[in-house]
Each structure stands twice: as structure tokens, then as C-alpha cells.
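Let me begin by presenting the structure, written as C-alpha cells, before commenting on it.
Heavy-atom basis, side chains included; hydrogens, waters and symmetry copies ignored. Computed from a predicted structure; not experimentally measured.
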Amino acid sequence: MMRLDKFLNDILKLGRKDLHRIIKAGRVTVNGEVQSSPDHKIDEDTDIICLDGEEIVYRKFVYYMMNKPKGFITAMDDRRQATIADLIPKAVLDQNVFPVGRLDKDTTGLLLLTNDGQFAHRMISPKYSVEKVYHAGFDGHLREDSETLFKQGIRLDDGTECLPARLDRTGEQECIVTVTEGKYHQVKRMIASVGGTVTSLHRDMIGGIPLDSELDPGEIRPLTDDELCILMTLF
Ligand code: URA
């Protein structure tokens with residue numbers, strides 16, 4: 001339950017004075033009845049609130065995708081380096097979004113943003129096996145048995161064991177790597193352990209949702225209901 005004026009302010013961001021004027025003018029209905037008390041308690045999950053006859057849908061949580069460009073660190077604040085927050089419009093920052101997992105400064109591609117901590121945790125946690133797909137360019141030659149080693153679970157140079165992953169060669173110097181966890185520099189280190197040096201890394205997909213090809217580097221957009229539905233059914 002929450003106050004009607006707080007509910008409207010969370011969404012419309014008009015300020016208390018203007019909102020009270022709107023409510024007192026009888027422009028707001030709750031379940032079809034005009035409600036002119038700003039402190040009226042509503043149930044944001046079940047009540048239908050309309051302003052001038054238009055339903056106002058309350059979304060507690062927000063979800064976006066970004067096409068992360070090179071040169072930005074995956075953080076919301078840094079004293080010295082440019083961060084992905086520099087690319088996010090103020091109205092979205094005001095929703096207290098944060099990145100779901102991390103891409104290296106020189107990695108590009110799909111980055112999810114949300115203010116839903118449980119969702120973020122589940123997308124990242126190896127427990128939920130959400131697949132992250134990367135397109136890598138590399139120098140050097142990969143071992144013949146790289147695919148098998150990836151399938152078995154790579155052991156990194158420092159002894160760290162990775163969960164089973166997939167390696168698909170797509171060219172002499174490029175491949176696609178699918179992982180379900182996100183250790184530090186994981187894909188670069190996995191490729192290094194079979195003989196390659198990553199020269200470019202781009203995340204194409206998370207949990208079956210591809211990066212929108214219409215998004216230019218640095219742009220963000222909300223996830224569609226269909227995309228969200230697909231991700232939510234993964235756990
Ligand atoms: N693996 C890496 O090595 N870097 C990234 O940015 C993401 C996955």
C-alpha cells in the first residue's frame with residue numbers, strides 16, 4: 001500500500017504542489033472513482049489508477065539494454081575514467097539503475113541495466129546458468145582440442161576452474177564463446193589458456209536476448225515486455 005500522491009510522484013515526477021492540484025481537481029480516479037485526497041492509500045499492485053482517463057502503470061523495477069562502446073568502465077562512478085553512467089540519460093539514472101555484471105573497458109556490446117537486485121543477481125549467478133555469448137577476435141592459434149577443453153571446463157593459468165562452456169570457431173582468428181559465469185577477464189583468460197590472445201571482445205547475447213542491432217554504441221533502450229518475459233522464465 002502507498003499514498004496516492006507518492007505513487008503519482010514516483011511516475012510523473014511533477015512535484016508535490018502540482019500533483020496535489022491535479023488530484024484536488026478530480027482528474028485522478030482509483031478503480032473508476034474520483035479520488036481527491038492526496039493521502040488516500042492505494043494498492044499499487046492491484047488498483048487501477050487513471051489520470052484524465054489514462055491508466056498509469058506502476059513499474060517498480062526497470063530494465064534496459066545498452067550497446068556498450070569501448071573506452072568506458074562498467075561502473076556508475078569513477079574519479080578518473082569515463083564510466084557507462086556518462087552514457088545514461090538523467091531520467092534513467094534517477095531510476096537508480098546499475099549494470100548487471102561487468103564488461104571490461106575494451107569490451108563492447110550487450111550490457112543490461114536495472115534497479116532490480118534480485119534479477120541482477122540471478123542473471124549473474126552461475127547457479128541459474130544464464131548463457132552469455134561473446135564474439136572474440138584473437139591472435140595466435142588455438143589448440144586442436146580447444147572445443148573439448150571448453151566443454152570439459154577450462155582450467156585457467158592460475159588454477160581457477162571454469163564451468164563447462166562452448167567454443168565455436170567462426171574464422172581463422174575469430175570464435176564465439178558461450179559461458180554461464182562471469183569471472184574476472186574470463187573469456188580472455190579462457191582463450192589465452194588454449195593459445196590465443198584476444199584482440200577484440202563483443203557480447204552478442206544474454207539468456208537468448210540478442211543485442212538490438214538498431215542500437216548504436218553508447219545507446220540504451222528499455223527491454224521490451226517479450227524480452228523481459230524470456231529472461232524472467234530462465235529462473
Ligand atoms: N570476459 C572477458 O574477458 N572480458 C569481458 O569483458 C567479459 C567477459
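When all heavy atoms are compared, the tightest approach of Ile191 to Cys175 is CD1-SG, 3.9 Å. When all heavy atoms of Gly109 and His202 are compared, the closest pair comes out as CA-CE1, 3.5 Å. Across every non-hydrogen atom of Thr114 and Ala120, the tightest pair is CG2-CB, 4.2 Å. Heavy atoms only, all atoms of each residue included: Ala85 and Leu93 are closest at O-CD1, 4.0 Å. Of all non-hydrogen atoms in Val177 and Val179, the two that sit nearest each other are CG1-CG1, 3.9 Å.
Residue-environment remark: CZ (Arg3) exceeds the threshold of 12 foreign heavy atoms within 6.0 Å. Remark: Glu161 CD is packed, more than 12 non-hydrogen atoms of other residues, nucleotides or ligands lying under 6.0 Å away. Shown here is Arg102, whose CZ atom has no more than 12 heavy atoms of other residues, nucleotides or ligands within 6.0 Å.
Every residue meeting the ring pair (Phe, Tyr, Trp, His ring centres under 6.0 Å) condition with Phe119, not counting sequence neighbours, appears here in chain and number order: Tyr63. Under the side chain to side chain contact (heavy atoms under 4.5 Å, CB included) criterion, Glu55 pairs with Ile48, Cys50, Val57, not counting sequence neighbours. Contacts of Asp157 classified as side chain to side chain contact (heavy atoms under 4.5 Å, CB included), with partners at least two apart in sequence or in another chain: Ser193. Partners of Ser146 by side chain to side chain contact (heavy atoms under 4.5 Å, CB included), not counting sequence neighbours, listed by chain and number: Leu142, Arg143, Leu167, Arg169, Val194. For Pro126, the side chain to side chain contact (heavy atoms under 4.5 Å, CB included) test picks out Leu163, Glu181, with sequence neighbours left out.
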- Query: Which is it for Lys151 and Glu147 under the side chain to side chain contact (heavy atoms under 4.5 Å, CB included) test, yes or no, and what are the steps along the way?
  - Reply: CA-CA 6 Å; Lys151 220 181 275 174; Glu147 284 90 340; 5.7 Å; no
- May I have the step-by-step check of side chain to side chain contact (heavy atoms under 4.5 Å, CB included) for Ile42 and Met1, ending in yes or no? CA-CA 5 Å; Ile42 56 125; Met1 300 290 279; over 6 Å; no
- Task: Check the pair Leu12, Ile22 against side chain to side chain contact (heavy atoms under 4.5 Å, CB included), reporting the backbone distance first and the verdict last.
- Result: CA-CA 11 Å; Leu12 303 172; Ile22 287 170; 5.7 Å; no
- Where do Leu87 and Lys68 land on the side chain to side chain contact (heavy atoms under 4.5 Å, CB included) test, with the steps shown first? CA-CA 9 Å; Leu87 303 163; Lys68 181 193 170 294; 5.6 Å; no
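Looking at Thr160 and Asp158, their side chains do bring a donor and an acceptor atom within 3.5 Å of each other.
Applying the side chain to side chain donor-acceptor pair (under 3.5 Å) definition to pairs two or more places apart or across chains, those involving residues 74-83 are Gln81-Lys105. Among pairs with a residue in residues 125-176, those fulfilling ring pair (Phe, Tyr, Trp, His ring centres under 6.0 Å) read Tyr128-Phe235, at least two apart in sequence or across chains. Applying the ring pair (Phe, Tyr, Trp, His ring centres under 6.0 Å) rule to pairs touching residues 155-187 yields nothing, sequence neighbours excluded. Screening residues 35-47 for side chain to side chain donor-acceptor pair (under 3.5 Å) gives Asn31-Asp47, Gln35-Ser37, Gln35-His40, Asp43-Thr46 as the qualifying pairs, with residues at least two apart or on separate chains. A ring pair (Phe, Tyr, Trp, His ring centres under 6.0 Å) check over residues 5-32, counting only residues at least two apart or in different chains, returns the pairs Phe7-Tyr58.
Here the side chain of Asn115 pairs a donor or acceptor atom with the backbone of Gln95 at under 3.5 angstrom. Of the possible donor and acceptor atoms, none in the side chain of Ser200 sits under 3.5 Å from a partner among the backbone N and O of Ala136.
For the atom pair Lys183 NZ and Cys162 SG, the distance stands at 5.5 Å (nearest 0.5 Å). Between the CG atom of Asn9 and the CG atom of Leu19 there is a distance of 5.0 Å, given to the nearest 0.5 Å.
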N/O donor to acceptor pairs below 3.5 angstrom from side-chain atoms of residues 206-218, sequence neighbours left out:
from: Asp212; atom 1: OD1; to: Glu214; atom 2: N; distance (Å): 2.8
from: Asp212; atom 1: OD2; to: Arg221; atom 2: NE; distance (Å): 2.7
from: Asp212; atom 1: OD2; to: Arg221; atom 2: NH2; distance (Å): 3.2

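Within the 4.5 Å cutoff, side-chain heavy atoms of Met76 are placed close to those of Ile84. In this structure, the side chains of Pro99 and Leu113 come closer than 4.5 Å at one or more pairs of heavy atoms.
When the side chains of ILVMFWY residues are joined at heavy-atom separations under 4.5 Å, either directly or via intervening members, Ile49 and Val34 end up in two distinct hydrophobic clusters. Note: the hydrophobic cluster containing Val198 also contains Leu156 (ILVMFWY, side chain heavy atoms under 4.5 Å, direct or indirect links).
The hydrophobic cluster containing Ile176 also includes Val133, Met205, under a criterion of side-chain heavy atoms closer than 4.5 Å among ILVMFWY residues, counted directly or through chains of members.
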